[in-house]
2 protein chains.
Amino acid sequence: MSPTIKLHDRHLNLLNNNNIGISKPKTELLHFKLKFRTKPIYHSDPLLSVAYNSTMHASSAHPPQSGVIKSSLIDPDGGALVDLVVPKSQRFAKALKAEALPKVRLTKIDLEWVHVVSEGWASPLRGFMREDQYLQSLHFNSLRIEDGSLVNMSLPIVLAIDDETKERIGSSNDVGLVGPDGNLVGVLNSIEIYKHNKEERIARTWGSTAPGLPYVEEVITPAGNWLIGGDLEVLDRIKYNDGLDHYRLSPQQLRKEFDRRRADAVFAFQLRNPVHNGHALLMNDTRRRLLDMGYKNPILLLHPLGGFTKPDDVPLDVRMEQHSKVLEDGVLDPETTIVGIFPSPMHYAGPTEVQWHAKARINAGANFYIVGRDPAGMGHPTEKRDLYDPDHGKKVLSMAPGLEKLNILPFRVAAYDTVEKKMAFFDPSRAKDFLFISGTKMRAYAKSGENPPDGFMCPSGWKVLVNYYESLQTEEASQQQAVLST
Amino acid sequence: MSPTIKLHDRHLNLLNNNNIGISKPKTELLHFKLKFRTKPIYHSDPLLSVAYNSTMHASSAHPPQSGVIKSSLIDPDGGALVDLVVPKSQRFAKALKAEALPKVRLTKIDLEWVHVVSEGWASPLRGFMREDQYLQSLHFNSLRIEDGSLVNMSLPIVLAIDDETKERIGSSNDVGLVGPDGNLVGVLNSIEIYKHNKEERIARTWGSTAPGLPYVEEVITPAGNWLIGGDLEVLDRIKYNDGLDHYRLSPQQLRKEFDRRRADAVFAFQLRNPVHNGHALLMNDTRRRLLDMGYKNPILLLHPLGGFTKPDDVPLDVRMEQHSKVLEDGVLDPETTIVGIFPSPMHYAGPTEVQWHAKARINAGANFYIVGRDPAGMGHPTEKRDLYDPDHGKKVLSMAPGLEKLNILPFRVAAYDTVEKKMAFFDPSRAKDFLFISGTKMRAYAKSGENPPDGFMCPSGWKVLVNYYESLQTEEASQQQAVLST
């Protein structure tokens, strides 16, 4: 039986300068206290789904709940995971119904959202947002649910349609959803159509309307002037058939896996870049600290984002290969790590988006979330500065309504220590010894075939990147050749 | 003893098409329930401050609380009204202290905010926002307070300083505040200085970064690149010596006055325009409906905004004269109306700002808030459309965190009924009979000396406007004369 540890305060170490230190918060510096701090954290034998808290004896533990898929570490938002896949027995009837309805054609990224919502990453959201939900998300980054409490919901999850599609839908209550390949995907029921004010959506989501925001350019600018909300049903699980579907574990599957591994803590790490030894350092350090606190089996959820990313990010298949090398090389321990793909598209919306990244991982069963410098940030598209203050992400995350039950683990930035010849937590007292290798710099190394300093990344992982950039150059060269010869 | 009425649900009639109808909400259409719906509404004999609710007998009523200024209708946010005016006995010592500190020079509008905060309109805020509060306001439109609950706070209340002032403050913990006239106003204690990202502030507050937003052009664009937060103390009540200070009743004074008048309901009407008979219709109609519900003495708080407004709005002194004519003429009943000036500057930030307008009136003791079409809205500065969806204001208001205890009264738009020859609630079934007279159109009438249709506004009130625009034209003419003769 593991010791019972009270870890009520999710502001853990926002104000503490340890690496990812887990300590009592300096409440006198926080201008608020937590609403749900009295909620106990359950430590459990997950296989039995027996929960107890620090005030309970094992003998008075709750009986196991059969048939309910949930790891006992943290409840999904709204209390139960949303699953919008139609049971097999009803699939044919539902497809017939959908076939007869007016259709909405989905883009590739719309389909990523269908995937996200249908598996319950956005629980308790049950479809694309109607206007009431959209306005709450846009103005309050949260949704009021039935019991009066708030769940976090910082990004509007919406489906845009154009005038012609709106016309075609007419007064129909439901619409059929058709994938980019023309196949029927599902149904949106009890629809509501409302105006898509793009300027307002962009300004409130990104805090900027500068030209060049990747998601805006890719998704919003070309989209229609209407949004259509409603309750989603999908005919079958969304698959991509790209050889990576086995990594696309749903929140339900992840919760099962955490239970199978008897996790007593799950810490999630969101990423959209290759894993270097700095990342590994902080993930391993987090595990060590959780062990120090008395957890017996903390499990890392290494959770690369798999949806839309901007063109100069490393593509998903390359990243997945790189991640597998990192695990093969033992930089991360496969025994205590689960790698899955988070199917959401990337907004690059900084403090607004990091809330979504954290909230979705609650639904996947993670009760600790690691947050670094400038999460979901990028350079300002038209000015020579970061789009967001690099500290705002973790600050906003620590104060966000609906995320009170999640333990936020901020960490100090890691850099290459030129004396120790390895990635280490940056030590400002000897700043000149440290070399910062940004994503841009890393890509520049790989593109030029130059090796980064020893100890930056495991060699087999690095090779994956070099091969990718070589193949890119070969491809570019042959495209130029093709252009010249036509 | 008045009947006890349960009026828990503030969404009263958002979905109901009566004029301002007060009825049971259609909860099945609302996607959430209310958090604080179990909170009783107190009906009181205000002079005695004896409160009882529907489950209490008069004999078990709370004893009167002496020394605490609060009408029993609604609690101020955070439980107690903030009052940041230094007691007379300490004024000299505090002034001496302030004199010795580095100084921050306030603009006219900064001073309006000092006024607002010092009197508790923004309770429980006790000064200009520090970064944690600023971020919560910007991202969540609410602040987490000590007990874990949320209070609404949709506009950042911040003080900007430039690089030079920041330099001059150095490492001082406190600063002195100096008014635009050079007089010492107060002190900001335990300061925190942080970056003023204007683009982000504008985008998240207005949902637009279009050039031409009045508050942005007047206040934010010329402001410094730093914000300074801290705890405010003012040496004396803020006065303007413009002959209107007697209208500037503080939240404390208003609560006292509601009690003196034995109000059992207070309904607030925010405005920045002259009162026409359409406004009067809905205010009188609101009163009638509150009486129908069983309230014995509903009091109207006619609450014109007195801070910064855009140049083409009618100035405060003219509006106040117009309002007094409306009361003299009996269009509104002076016996059941209190006219006060709300000292806040105007943002023209639509759904974001209307929350501030409502929240501040909670602090002033109003438990009903009237909201119309496009509150705090304006035309888009660069596009031919409203900046905000005219329905978003009341929707956002009805869902805003921290406003659960306020009863929101949405109303239908009033227009001139050309058949009945009076202002009436618009009847879409005979739309062609109605004439919409916008603020712009009203000003055009007054400028040209043309009379609006009979029954649009009481003649003495209209005369005030005509005189104002005549004086403007005389002034312009003499300025042109002066330019020509130089």
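Below, chain A is the first sequence line, B the second, and so on; all start at residue 1.
- Using a 4.5 Å cut-off between heavy atoms, Y194(A) makes no contact with chain B at all.
- Highest contact tally toward chain A, considering only S208(B), P401(B), G207(B), S154(B), is held by G207(B) [criterion: heavy-atom pairs under 4.5 Å].
- For H347(B) and W356(B), the gap between ring centers reaches or exceeds 6.0 Å.
- Heavy atoms of N141(B) lying under 4.5 Å from chain A belong to its backbone as well as its side chain.
- In this structure, Y215(B) has its ring center no closer than 6.0 Å to that of Y348(B).
- Chosen from T352(B), L138(B), N197(B), L135(B), the residue pairing most often with chain A at heavy-atom distances under 4.5 Å is L135(B).
- No salt bridge links D132(B) with K395(A); every basic N to acidic carboxylate O contact stays at or beyond 4.0 Å.
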Legend entry - Candidate pair W226(B) and D162(B), rule side-chain hydrogen bond (donor to acceptor under 3.5 Å, both in side chains), full reasoning: CA-CA 6 Å; W226(B) 303 96; D162(B) 58 18; over 6 Å; no

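- Under the 3.5 Å distance criterion, with hydrogens and angles disregarded, a donor-acceptor pair is assigned to the side chains of R361(B) and Q270(B).
- Of the atoms belonging to R201(B), not a single heavy atom falls under 4.5 Å from chain A.
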